[in-house]
*Asks:* 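I'd like to ask you about the structure that follows.
Since the model is a prediction, treat every value here as computed from it, not as a measurement.
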Amino acid sequence: MATTTPRLDGRTALVTGAGSGIGRAIADRFAAEGARVVYADIDEQSAREAADASGSQAVRMDVSDEQSVEAAYADLTARGASPDVIVANAGVQLFGQDAKTADVPLEAWNRTLAVNLTGTFLTVKHGVRALLASGGGSIICTGSPTGLNGEGADFAAYSSTKGGIHSLVRATAMAYAGDNIRVNTVVPGFTETSLVTTISEDPGAREGIVGRTPLGRAGTPDDVTGIMVYLASDESSFATGAIFRVDGGMTSL
Ligand code: ADP
């Protein structure tokens, strides 16, 4: 929910995976808080529709492809929209393919790593370059409980990418702390979006996850937008290399 005083006035934010789900909620909230927002997604049409609805801009970006990532940043610079805030949020979870370790096909492993871990790396790599050129800013990555505790047992590839993202955030935060670049992770809990539709359609699995969530419900994309606004603004100027868990208590069990 937007506050009456815009907290991101004058900021330009790039959000990946902004065509749907958590990414779209973040981008919409940033726009409501006064930021100039660029909605980036491999699905250009959904990014454009979402951006149009909030009077924002869109760019096609396949985070797993370095040329596509570089082209998207170059496009932003050409439009005079070089970002101060970068949210590396795009991701996939290959339900039906990702599984317990002994059952993960190499193809599913490679695809999950390409989008989630390499994609986050490329978004952050070129984001750091853009921020070094412009004097600094804030990078926020979307992590997961599966990268922190045993929640990832049934999704070896997905949980490995999320653990990798948590480490990438720390490494990058330490490397650029002297350059006015802050890097943090937000860990949403079990959130009902299209990415988890398969789980949601299995009442047993859904009840199991909600049962392991102390606050007793599934999250919504809007549950994580407040922490994102905090991390995008100067209110968080002393926070870097941190993991912010907004997971209903799941990882404190
Ligand atoms: P979540 O629950 O994480 O919000 P969604 O499936 O709703 O999951 O959203 C993930 C978004 O990431 C989708 O809009 C999807 O198109 C986007 N996405 C998936 N792969 C890529 C990619 N390679 N590059 C950029 N965006 C991607």
Side-chain angles (χ1 to χ4, degrees), residues 1-3 6-44 46-61 63 69 72-73 76 81 83-93 115-116 119-120 123-124 127 130-131 137-145 147 162 165-166 169 182-196 218-236 239 242-248:
M1 198 193 311
T3 51
R7 290 156 70 191
L8 299 179
D9 249 351
R11 295 279 147 109
T12 299
L14 171 71
V15 182
T16 72
S20 71
I22 294 172
R24 179 173 182 171
I26 297 163
D28 287 349
R29 176 72 190 272
F30 281 7
E33 295 287 356
R36 177 178 183 180
V37 185
V38 180
Y39 289 60
D41 207 288
I42 194 170
D43 180 345
E44 191 173 6
S46 68
R48 199 161 297 286
E49 282 170 13
D52 283 350
S54 76
S56 303
Q57 293 170 291
V59 69
R60 184 188 179 275
M61 183 166 158
V63 296
V69 173
Y73 276 108
L76 261 56
D84 324 284
V85 178
I86 294 150
V87 182
N89 163 79
V92 293
Q93 187 164 4
V115 177
N116 294 9
T120 299
T123 304
V124 172
L131 296 182
S138 175
I139 298 175
I140 310 160
C141 297
T142 304
S144 167
K162 292 298 182 174
I165 288 168
H166 300 162
V169 164
R182 298 182 299 101
V183 194
N184 292 286
T185 304
V186 170
V187 170
F190 169 61
T191 306
E192 292 195 280
T193 67
S194 59
L195 195 146
V196 296
T220 70
D222 287 333
D223 283 323
V224 295
T225 61
I227 192 75
M228 291 283 179
V229 173
Y230 165 75
L231 289 171
S233 76
D234 290 337
E235 292 170 46
S236 58
I243 296 178
F244 292 84
R245 300 180 294 168
V246 188
D247 62 1

*Asks:* Quick one: CD on E49 to OG on S20, what's the gap to the nearest 0.5 Å?
*Replies:*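 OG of S20 is found 11.5 Å from CD of E49.
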
*Asks:* With the side chain counted from C-beta on, respond yes when V124 and C141 share a heavy-atom pair under 4.5 Å apart, and no when they do not.
*Replies:*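 A side-chain contact under 4.5 Å exists here.
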
*Asks:* Given side chains that start at C-beta, do those of P83 and V38 come closer than 4.5 Å, heavy atoms only?
*Replies:*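 Not in contact.
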
*Asks:* Can you measure from CD1 (I140) to OG (S236) and round to the nearest 0.5 angstrom?
*Replies:*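 Going from the CD1 atom of I140 to the OG atom of S236 covers 7.0 Å.
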
*Asks:* On a heavy-atom basis, which atom in D41 and which in D43 lie closest, and how many Å separate them?
*Replies:*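 Of all heavy-atom pairs spanning D41 and D43, the closest is OD1-N, 2.9 Å.
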
*Asks:* Report yes if some heavy atom in the side chain of L14 is under 4.5 Å from a heavy atom in the side chain of Y73; otherwise report no.
*Replies:*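 They are in side-chain contact.
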
*Asks:* Measure the spacing between OG1 of T120 and CG of N116 and express it to the nearest 0.5 Å.
*Replies:*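 Those atoms lie 6.5 Å apart.
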
*Asks:* Which heavy atom of D222 sits nearest to which heavy atom of A25, and what is that distance?
*Replies:*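 Reported closest heavy-atom pair: OD1-CB, 3.8 Å.
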
*Asks:* Donor-acceptor check, side chain of E235 to backbone of Y230, threshold 3.5 angstrom: yes or no?
*Replies:*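 A pair under 3.5 Å: no.
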
*Asks:* Counting C-beta onward and ignoring hydrogens, is there a side-chain heavy-atom pair between T123 and M61 closer than 4.5 Å?
*Replies:*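 In short, these two side chains touch, coming nearer than 4.5 Å.
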
*Asks:* Between N184 and L231 (side chain of the first, backbone of the second, donor and acceptor by atom type, cut-off under 3.5 Å), is there such a pair?
*Replies:*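 Flag not set: sc N184 to bb L231 has no pair under 3.5 Å.
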
*Asks:* Would you please test V115 and V63 for side-chain contact (heavy atoms from CB on, under 4.5 Å) and show each step?
*Replies:* CA-CA 6 Å; V115 177; V63 296; 4.2 Å; yes

*Asks:* Test R36 against D84 for salt bridge (charged side-chain N to carboxylate O under 4.0 Å, His left out), laying out the working first.
*Replies:* CA-CA 10 Å; R36 177 178 183 180; D84 324 284; over 6 Å; no

*Asks:* Any side-chain heavy atom of N89 within less than 4.5 Å of one from I22?
*Replies:*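 N89 vs I22: side chains touch.
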
*Asks:* Between CZ of R11 and CG of D234, what distance do you get to the nearest 0.5 Å?
*Replies:*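 Reported value, rounded in 0.5 Å steps: 4.0 Å.
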
*Asks:* Can you confirm whether H166 sits close enough to V187 that some side-chain heavy atom of one is under 4.5 Å from a side-chain heavy atom of the other?
*Replies:*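 They are in side-chain contact.
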
*Asks:* Knowing that exactly one of D28, V59, T16 qualifies, which makes a side-chain contact (heavy atoms from CB on, under 4.5 Å) with Y39?
*Replies:*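 Running side-chain contact (heavy atoms from CB on, under 4.5 Å) over D28, V59, T16 with Y39 returns exactly one hit, D28.
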
*Asks:* Looking only at heavy atoms, what is the nearest atom pair of P221 and T225, with distance?
*Replies:*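 Looks like O-CG2, 3.8 Å.
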
*Asks:* Could you check whether any side-chain heavy atom of T142 comes within less than 4.5 Å of a side-chain heavy atom of M228, counting everything from C-beta outward?
*Replies:*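 Of all side-chain heavy-atom pairs linking M228 with T142, at least one is under 4.5 Å.
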
*Asks:* Treating R182 as the side-chain partner and S138 as the backbone partner, does any N or O pair qualify as donor plus acceptor under 3.5 Å?
*Replies:*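 Checking the backbone N and O of S138 against the side chain of R182, no donor-acceptor pair under 3.5 Å is found.
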
*Asks:* Please determine whether side-chain contact (heavy atoms from CB on, under 4.5 Å) holds for the pair T185 and F244, giving the CA-CA distance in whole Å, both sets of side-chain angles, and the decisive distance to 0.1 Å.
*Replies:* CA-CA 6 Å; T185 304; F244 292 84; over 6 Å; no

